Structure formats: structure tokens, C-alpha cells
Amino acid sequence: MGDTELELSPSQLEELQKSPSASSTSTTSSLSLPSSPSSGPRAFTSSSPSASESLPASSPPLDVISEGVNELSLVIDTEVAKKACQEVLQKVKLLKGDGEMTPAAVEPTLVNGTAHTDPSERDSGGVGQPSKTNEDEPPPGTVKSARRRQKNNSSKQSWLLRLFESKLFDISMAISYLYNSKEPGVQAYIGNRLFSFRNEDVDFYLPQLLNMYIHMDEDVGDAIKPYVVHRCRQSINFSLQCAWLLGAYSSDMHISTQRHSRGTKLRKLILSDELKPASQRIRREVLQPPPPCPPPLHHGQGLSEHSLSPSKRTHQRSKSDATVSISLSSNLKRTASNPKVESSQDEPVRLTPQREFIKSLMGIGKRLATLPTKEQKTQRLISELSLLNHKLPARVWLPTAAFDHHVVRVPHTQAVVLNSKDKAPYLIYVEVLECENFETSSVPVRIPETRIRSTRSVENLPDCGITPDQRASSFSTVPNYDNDDEAWSVDDIGELQVELPEIHTNSCDNISQFSVDSITSQESKEPIFIAAGDIRRRLSEQLAHTPTTFKKDPEDPSAVALKEPWQEKVRRIREASPYGHLPNWRLLSVIVKCGDDLRQELLAFQVLKQLQAIWEQERVPLWIKPYKILVISSDSGMIEPVVNAVSIHQVKKQSQLSLLDYFLQEHGNYTTEAFLTAQRNFVQSCAGYCLICYLLQVKDRHNGNILLDSEGHIIHIDFGFILSSSPRNLGFETSAFKLTNEFVDVMGGQDGDMFNYYKMLMLQGLIAARKHMEKVIQIVEIMQQGSQLPCFHGSSTIRNLKERFHMSLTEEQLQVLVEQMVDGSMRSITTKLYDGFQYLTNGIM
Amino acid sequence: MFVVKGHLDAGVLMMEAPSAYQDVMCSRVAIRKDDPAKTNPRFWDELFLMKVNLEYLEAKLTSLDGDEVVMIKENINSLFHHCVQALEEEHQIKVVNALQTLCALFRGVHQKNKSATGFDIINMLVGFDKADLRMKDLMESLDGLLCGDGSESLKSLCLKLLLCLVTVTDNISQNTILEYVMINSIFEAILQILSDVSSRGQHGYDAVVLLALLVNYRKYESVNPYIVKLSIVDDESTLDGMGMVVHQALTEYNRQYKDKEEEDHGGFFSTLTNMVGSMFIADAEEKLSVQTNEAILLALYEAVHLNRNFITVLAQSHPEIDMAATPVSTLPATPTTPLGTTPPSLDMLNNPELPLDPNLQTSNLLITFLKYSSIVMQDTKDEHRLNSARLCLIILTCIAEDQYADAFLHDDNMNFRVNLHRMPMRHRKKAAAKNIPSRPLVCAVLDLMVEFIVTHMMKEFPMDLYMRCVQIIHKLICYQKKCRVRLHYTWRELWSALINLLKFLLSNETTLLAKHNIFHLALQVVNLFNMFITYGDTFLPTPSSYDELYYEIVRMHQVFDNLYCMVLRVSTNVGQWKEPASKVTHALVNVRAIINHFNPKIESYAAVNHISQLSEDQVLEVVRSNYDTLTLKLQDGLDQFERYSEQPKETAFFKELVRSISLNVRKNVSLNTLSQDVLLKEFSSIS
């Protein structure tokens, strides 16, 4: 280790004391050098025997990169740096590809890996010599301090590495280290390590990753970018998500910096559609280094060169991008009517149909907002959606859905405008056909609206030819309905006349059967007599049979739509849809928000999701329902609606009952199992949301923002006021959470067992959450970076959040705390005041 | 054959020449026996560079006597042939002149040979031996011009030529030359015009009228390819385009009517002056009333009747963005007047985003059509209006029979305010227009029917319209019964309108019986009540509405009693009305049962409680508590109806209608309106 070093200049010497360990140990470490994420444990054991000796040996991947970052880039031309970086990437990918392989199978790749790294290291050594002169030039202060830091950290790093390579190292920890570590090497390592996590796991932290990319320093950005670019190539959906999030989270920057920020550039790059999927290209990438290497340089000429050229490129692209999108407003249409045209054009316009689709949904929202009355908004919405239908089916999908699909139709008359004072959020139902992969599966063929098949009832569905092998061709068989005979026969109503509505086939409903019978047996002149009283009775019975539907209220059109049971709605829409007979037909719904910032909602969703996972892990039976949020820009987005749920405000207004009486009406008497189940659901969800409200300081908790589902759960919606923000700063809602007497009544009163169960759940939930506090804090903390969101107002947001977990209290003390909070909330005058305030100002009960 | 080279020079030269030059040449061609091309090899080439004097040519042809015509047949054939060839020219002036010459030829030859058979006319114009080929060429050229990227004026002229050709005879089915238009279909060209936004704006009206007429060619005698093709169109944008054109035309009519109405009732002072004025100019004002547009209505009918997919267009709203999204065409308004009949105003189509008026309601074709119907139905004295009203009701019948249409008519989520026009009548106040609630569209249809029933009980009883009206109601109720749609409608208004109708029939029995079978209508009306009585549980909105039905019947029992007496009397006599009258007797069984059951109950209730006049609530109370002892008879086939079919019942009506439309279109198609100056200006820059 020493010989060469002696010949070096002091500065060189200092430097080599830590990082060049790589160059000198490169030969010895050849075995463990390529140890990378998936083979981590193996490499770890092999190098463990002598900890001090093997520590540097086990860290080569780290050093290779840090070397590349720190030195190569400075001294050697960018090409080499790029190469080194690519090799690391390549290895990661190779291993990722072979992730599930046996160690034996991994061996050759390892050898390959070393063979590849060696030259680059030799290069570094070789070029290192002449570079001595250069070495003095860069500002020594920064470099040196950086090195010193590295030196101090070197032992810590090795421990870190062991951690990184252990099985325990999950995405949450990766994000945490990426955020907290100031070490470019660590960051770069984690950047690579991202490739080894499951896509879904990383996706959860996508807002965090991108926010770091936008607002944190170059190193973090450089570490993240390769992964993002890689994923963008793979998936249209991911590309769009990234583009939207990048746009949304860049919006808080000053406009002048925003234009040149990394986030904006990456967004442009993605939207330019330069990150092509080209299936063979993906294959090649696995074997060869990917062309766009993350510029692994944080200062020096290399940077300017590198960052300039892409910006030039993206600039040009953006122009062509615009022209493409213009031509595509018509293209979307063409895809709808003629899938053949589309398939040929599919390549250049990967992202456009979906962008146009989203754009038109947002456009509708904007135009609705200009209309004064709900009634006009509803009419306009329906008519706009019916026009949108003309362009469907197309290669578009709802990003909030959990499966791949193509949107085929929007049942426009089912859409409703939601209650909002000045914005016009609306809820649409969307008919989709599930498919293997929305990028490659062919877009379904359009079926005209009027072609409601007479085979509408469920029994007849199998007739529609859905054997597995026919499935593929089923799209092409559909247009065959289009023969002339069909067009000429116009006697739907004839069939309809004899067809009995299969909905109400209860015994009291045989009058229509009578009539049908009598028609057929007209010869038997036997007159049939009926009692007028029966007719009248049936009428009142049938109306009484459906008491759970809400009355139509033009001022609250969504109440009826939301109250209808989901299954019922699906059945109804399916029957009326020309696509309903297809076996892969599904109904989805989505709330389109235009003019609203959903970034806080997204943050709340992430926290809820995290807490849900924690409680599940700790087996605390708390129930919460995080609903998916799609942020499209800083003032638009989509929300996945909670099905089978209406707001407590709507419940009370429509039923004119107290909450408890409503429970009794909907679920049955106190002692029935249905009621008890609903009550338990209520308690579990109530406890869950009380904790959420407390931890996140969710405000604006009026009854319009609390939903009640058909199983008795409550669900809080609208996280517009969380953490440091509260509505109008009136100082209302000072209690920890909202717990009205009505809620307590449903739980069976303050002395009931269920109420004790409620408090016990709260305590357990709080203890569990406390245990994993870091995972929750992390989500919030990263999003605070560069954010102007009101929830981060002030400087103590995170500190206050941490305090609410009460890490210092014993469990007994926590129990007291929960008691106090419940007590305080129940007696809270402010809750009532706030409800009264809402009633006065917004008419919310 | 033509020497195309050098035509520009010739063009410049000939433009200086007097405009009559070509007329003379044309008629010379027609009259002279020898071939003009022999003396002047560039004769044809130059001919079409000159302006056509249509009237002159037409008059010249007409003025010839029989022998002369036969003599110049060859020349006419030759002129026709060269016209067709000139359509292929790239020099647009030639195309224009050729188109106009063709038009004059068609008209002139037809005028001359009114009595001649279609074949003779073809022979005279084209010549039998070459007719197939020439007409094929003509249609192909027209198709090419209509679909090409050429001048809009040229397209307009092509459509006018076609309209001219289609309407040369009074009876379209006798226009044998249309066989060639059937064989060489221009259907696709028409569709293309309708699907494109800008061409739709300029030529949509002519295209729609042309299509409506072509569909009616030998409709009942042969297979008309236009019918077949129209029935299977499923391209939304095309159907939507067609709907838009109809929508615009009807909207324009409604607007004109409203303007006029406001003019008439513009305030107290103007009302006063009007009253004074109308004493003198009542007749003049009658003429001023907006002329109905049957051609466009016929187009709507054919679309609704033939094409199932068109039904969706009816409910297709046309928010302003649809127009705003389309780039406003280059020419703000071409100086062409599409047709003399109330054309859609172009600025409506080209209007960028309409102001967001809070009172502005999203409209759709169906709403506009209902409003239009409400205007047209107000006054059915005039023959045109009667026809229009009849056609409106036929269209509504077709709509009421269509399942998909019924679905959106009854869709609870599609609520609209429809301001129907109501005839000002002495005994009722003008309803406050703004207070109409937003309801499913079927309510507006029912309102319209009720309105018609109430306002047309007059001496000149429009029996046929009443029948259609009641049948439409019946069909809608059948749908509601089948699909268990509980419409929140004020059924009471319908019931009382129907009872009043029965009352009218009774009091005018003798005069009406002379002309109509009133028993048929009475049976329909009584059966509507039977629907409510026996199937009310399946579609009435509330139990109390069923009570109200009984209340209404019991309250008006005198009408039913009288009706029963009357039909009983007629059915016991021997005569042509015996059978239909006895049917009504049977149909009345349940109504009579109700009356006979409740009347004594109500009387005894009054007696017991010592009340002379029972209030409505008290009667309803009696009704409610006495249902159980009432037995009704289930009648057969109440929910059965005869489906609408054009043949054979309506054929006479449609033949007459098409004839009247043809006359009107022929009168108004004028190719001269396209002034030469405009064309020259346009084409000198193009070529």
C-alpha cells in the first residue's frame, strides 16, 4: 500500500489515504468487489473474518463510485467517468436481472464485473500521475474538507455498508439515508441500490425521490436520475407520474430558477418522449451500458459541458413536442375510430393520448367553474363528457386504478358535480376493459352507443363468446354485430315488452306476469280480477322497499349518486353499456379536481398508508382508508373516490336522524349482528382517524369532510388543513381531534365497553406508531424541502410532529394522555362551535 | 380533344366580351345543326370560359317547339357531353360555367318536356346510348369536386346543381334521371361534407336537404341505396354533424320566432299599437310569420327513422366549446345564400365561445326540436304548419318507440329546463317562463302533448294529430311500466286534459262523427286511464298519486257517465260505429267500477258528517279507506301498441310532403346568386 504513495505529493497522499484504497486493493478485492445489492449477504460473510482489514475490501462498489465522482471526473475526461459509472450501473442491472439466481450462476457475472472495473481503475491510476498538476488547481478548501469528512466517516461507512447490504435494508431506510447522508458516495450507492427494490416499493416514495431530485443538491439528484430515467423508459405511466410530480413540486420555486432547474429539465426530457421504450432497446440496455449516464460530476468543466448539451436538446424537443401535441389532439380521435392508424403512430406518440385525455378532463373542470349554478354545471358536465366519449376507446387509462386497462366509455349521465363552493370538482364513472398491459395490448374497438345488446341479463352473458381463446378475438367479433339485418331491425321495445325486469322478482310482483300470461292466453276468455287495494298496497310497498336512496336535490346532486350501493351501480351501468357484455369490463370512478392543490392530500395519503402498514405490522386492529391521490400539477389532480360512502352531513340532512338512529335504521337493532359489526367498524375507524387527526393535526373537520360507509366505518377526507395550517386561522378546533357526542352515542355511550375499546385502540395505535415514528417523519420531512405548502408554514412543523409521538412518555403516561385527549375532545366546545360555524357559513350540518 | 394550352390568353380576351356572347354561342350550339367545332377547333375550349346567362339559355330551350327540340337533340347531347368533360378542367372558371350550363340544361329540357317520360328526357339530354357513361362521369366529377380540397364556392355550386337536378320534377320519384344518382352514389361525399366542421358550416344545410330528398326517391317502390346507406352510418362525427345542421336550422327558426314574438309583445305601448295596427294589417302580418322549414324536418325524420345511431345525437348536447374548438373558417361568410328557405345563420356556426350567460341552458337537438314543435303546433290552420306539426308528431312517435331514446328521456341525471311556447289563451295566465323546474326530458315531451291536447279542441278537429299525440303518451307510459321508471310528473294535468278531450268529443259528437271515427280516439284515451288504474303501481311516483287518480275520475264522473251512455247507445244501434263503440264500452268497465264504488261511499260520508261539499282531502280520505272492497278487471293488451311504420299508412303524406319540399327547393335554388364577380375574384387568384 505504501510504495507508490511515498512518491506522491502531500495532497495526493492525503487523498490516497482513504479513497485510493480502491486502486491499491483492487486486485485483492476482485472477489468481493462486485458485491452488489442482491448478492450482498454472500459478500458480507466472505469478507467478514478480519473486520479491520476487510472493511475497505468490502466497500469497493462504494469506492469505485466515489472515486469516479471525486477524482476521475476532475482529472480525467468525462468519458472515463462515464464509463466507470456505466459499468457500475450495468452490474447492478445484471444482478438485478439475475437476482433470483443461485450463487453459482452469479459467479461468472462477478468475474465479468471485475474484468470491467479493472481497466477503469488502472486508468485512474495512470492518468492520476499527470493530473498532479491539475490537482492543485481546484479550490483546495472544499476538496480537502470533503476528504476530511470522508476520512472521519470511513469507519462509519463500513458499518453503513454492512447495513446497506443486510436484508433489513429496505426502501424506507434507503430513502432515509439518501436524504440524510451528505456523502456523495453513499448517495450514489443508494441511487444504484434503488434498482434492486421492487418497483411498487419505490413508487410509494416517488414524491420523496423527486422532491429530493428537485430541491436537494447535485449529488442526490445525480444519484436518483439514472433510476428515474430507467423506469421512465420502461413505463409510460411512470413517465407521466414523474412528469406531473416534477412539475408540481417545482412550482414552489421562483419562476426564474424554476425554468433552469433540474426538475424542469428532467420533466421536459420525459415529456419530449425521448425516453423511448423500444422493447429491443430495453434488452440491449441490460447488456450494454445505458447511453444517458448520470453526469457523475459535481463541479468542474465536465459539468457545464454535460448539462449544457441536454438542455439544448430538450429545448429543441420542446418545440417539436408542442407540434406533436397539436397534431395529436386529432390523433387521439383517430385512435378511437381507427385502431390501425393508431398502432402505426403508437411509437412517436407514446405519452400523448393519455396527456390529452387528462388535459380534456381538466379543461372540463375549468369550464365548469365558470358556471354559476350546480344545475348548469351538471348539465354542462354531462354534455362535455358525451363529447369526450366520441374519442373513446383510446390508449388512455386512469392512473388511480390498480390494474392495467383501457378506458372505453364514460357513462356521462352518471357523472356528478361535487359540493364545493367556488371550484368545480366532479366525479365520473369510467368504463374500462382490463388488459394485460395498456402499452402493448390493442385498444378495444368502438361499439356504438345504441348497440345495447338485448342479451342484457347476466344469464345471457356466456353467450357472448368468451372462451379463453376467443377472448383475444373478441374485439374483432364485436363489429360483426354491425351487419345490415341488425341495423334494420328496430324492435327493441318489442323484446322489452315481454322481458320482465329481473330486479324486483319478489312474490308481490306478479301483476306484470299476469298480463303477459293473459296476452298469450287471450283465447281463454276467463276474466281476471284484481283488487284495487292490492295495486295501491304494492305501490306503497315498493316505494317503502327502497328507503335507503336519497331524494334528489339539485343543490346536492352527488348525494344520490354516492348513496347508491357500488355493486348496484356497477350492475346498472353495465346493463346500459354497449361494452357491458365483455368479460373484462370493469367500472372505475375518479374525482377530477381542478384548481385544487393535491400535494398535501398526497402527503396525507402517504402518511396514512404508512401508518396503516405500521398498524398492520403491529397487529393493531385500527381501520383507516387511505385513498389514492394523483397529483397532476400544483393546482390539479385526481382522487380515487371512496365507494359506498356518503358524508355525515348528507346522512343527517337526508335522513333527518341522529347518527345512532341512522345506524339503527341502516343496520338493524342494537342486538343484531349487523349493528354490532357496524358499531365495531365505527369504533375501529374512529380510533384510527382520531389518531391520524391528532398526529397530522387535521383541521376543518366538519361533517361534510367525514364520510360514513355502508359498513359503518368513518373515513376522513379533505386533508387541506394539516400540520401547521388551519382554516382562516380562526383558532377553532383546538381539541386534539373531533369526537362529538353523537359519535360517542354510536359507540354505546361513555360507559360502554365499546368506548373503552376505542380508547384502548387509540393507545395501542399510538404506541405502535411511536415505535416506527421515523418512517412517518421521514415522509413529511423530505417533502418539506423547498416547499411553500401551508402545512409546512413556520419552522417547527417537524419538531411539533415529532413531539406528538411523545417518545419520552412511558406507556402509563401515554394512557393518561389518551384519556385526556378523549376527554378534552368530547367536552370541546370548539368542535361544536366549529360545526355551528360551518352550518352558518356553508350550510353543512 | 381540348387544347388546354393557351386557354389563359383566351380567358383574358373573352372576359372583355359581352356576357351575352356565350348565351348566343350556347343557343347556337343548341339550335344549329352542324358541329361548331368544325369551323372553330377551339370552340368548346373557349365556350366555357364565358359567363352563362342561365335565364336566356333556359328560356331558349323552353321556347323551342317539339320538332325543333328533336332536331337539336344531337347538339344538346354534345353540349351535355362537353359540360361533363369541362368539369375535369383545372381552370375553375370553366368548371363553374359548365356546372351552370348543366343546370340550365336540366331545367330547360324538363320544362320543355313536362309530359314526356323520364326516359325521353334522358334521351333528349344525354342520349340513351351514352347515358350510362356520361352520367357516371358527371357523378364522379361532382363527387371529386365535393370531396376535393377545391374552392368552397365550387362545392356550393355542385350541391346546387344536384339540388336542381333532384327537384326538376314535382314528383321526385318520376325523375328517372335520378337512377344514375342512385347507381353512382354521392352519399359518401355528402357524409364527408357533414363530418367536416368547416364544410358543414358552409354547405351542411344544402347537403342535408339533398340527402333528405334523395332518400325519398322511389322510396316505396324500389331499394334506394341512400336509405340503406343512411340506416347503417355509425360514425359519430358525421351523425353529429348532421344533427348540428338540423339543430342550427331549428334554433334559427326558434330565434326568429322569438324575436318576432318579442317585437309583437314588446311592452304595453307596442301591444297597444299592435292591437290598433293589427286591425289593418292582420293579413300582412300573417305572411310575416316565420316560414316553417319542412325540408330540414324531413331530414331529421329520415335520420331518426332510419338510423338507430342517430338517436344518440338527439341527446348530444352542443356546448359552445364544440364550436370554439374548431378553427373559424377562413371566409367569415361567403356571399352565397344556401337556399331561400330559412338557412342557418353562418355566424352561429362560426361564433367563437358564446358568453357564459347564467341563464344560458345547455341545449341539445331534442330540446330544440321540442321547442320548435311547440311553436309549429300552436297554429295548425295553415297547410304547411299542419304538415310540419304532423311531421313533428311522427318524429316524436319514432323517438318514443326507441328504447335508447326512452332511456335518456327518462334519465334522472339528465335534467333540463325546456321552455315550450304556449299559446296565449284567454282563460289562462301566461306561465312564468323562468320557473320551469329542471326535469328529465320526458316531462317536456309530456308537457308538449298536454299542451297540444288542451289547445286544439276546435271545429277543424285535427283528429289525426290527436291520435298521434295520445299514442305518444301511451308509448312513453308503456316504457315507464316496463322499466319501472317512477317519473315525478304532475300526472294530474294530463288526466284533466284527457278528460276534457273526452268532454269535447261528447259535446261535438254529431259534427265530429261526420268526419272522424271518434271512438278510436276515445278508446285510446280510456285505455290510458286503464294503464294508470291497473298498472299504476309500477310507474306512479307516490301512493298518493294513485289516490289522486281516483279522485280525478270520481270528480269528473259525469264525463265518463255520459261517454258510457253515448257509446252504449251507438253500439246498440246497427251501423258502422257499432263495433268501435262497443269496444269503448268494454274499456270503460274499470272506470265505471271506480265511480260506482266510490260515489255512494262519498255520499254517505258526506251524509254521516253532515257536510254538503267535501274537500279534496276528505274525498281522498274516503278513497284511501275504501280500496279494499273494490275489484277491478284486468284488461288485455293495455301495454301493447302498434309500432310506427311509414308504409302503407303514411306514404300519401310523405309523397305530398316531398312534393311540396321539392317545389320550395326548386323555387329557391338559384345559381345566379353566386355572382360572377365573386367567382372571378376567387379563381383568378387560384388558377
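None of these values were measured; they are calculated from a predicted model. What you see below is based on every heavy atom in this structure, not just the backbone, and it leaves out hydrogens, waters and symmetry mates. Within every chain, numbering begins at 1; the chains are lettered A, B, ... in the order of the sequence lines, protein sequences first and strands thereafter.
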Parallel, tilted or perpendicular, judged at 30° and 60°: which one describes the rings of Tyr404(B) and Phe408(B)?
perpendicular
With sequence neighbours left out, the residues meeting side-chain hydrogen bond (donor to acceptor under 3.5 Å, both in side chains) with Lys583(B) are none
Side chain from CB out, backbone as N, CA, C, O: work out which of these in Phe539(B) comes under 4.5 Å of a heavy atom of chain A, or both, or neither.
neither
Measuring heavy-atom distances to chain A, does Ile594(B) have an atom under 4.5 Å in its side chain, in its backbone, in both, or in neither?
neither
Winner by heavy-atom pair count (cut-off under 4.5 Å) against chain A, out of Pro543(B), Ser544(B), Ala593(B)
Pro543(B)
Please determine, by modelled atom types, if Gln480(B) and Tyr489(B) share a side-chain donor-acceptor pair under 3.5 angstrom.
no
Contacts of His474(B) meeting ring-ring contact (aromatic ring centres under 6.0 Å, His included) (sequence neighbours excluded), chain-then-number -> none
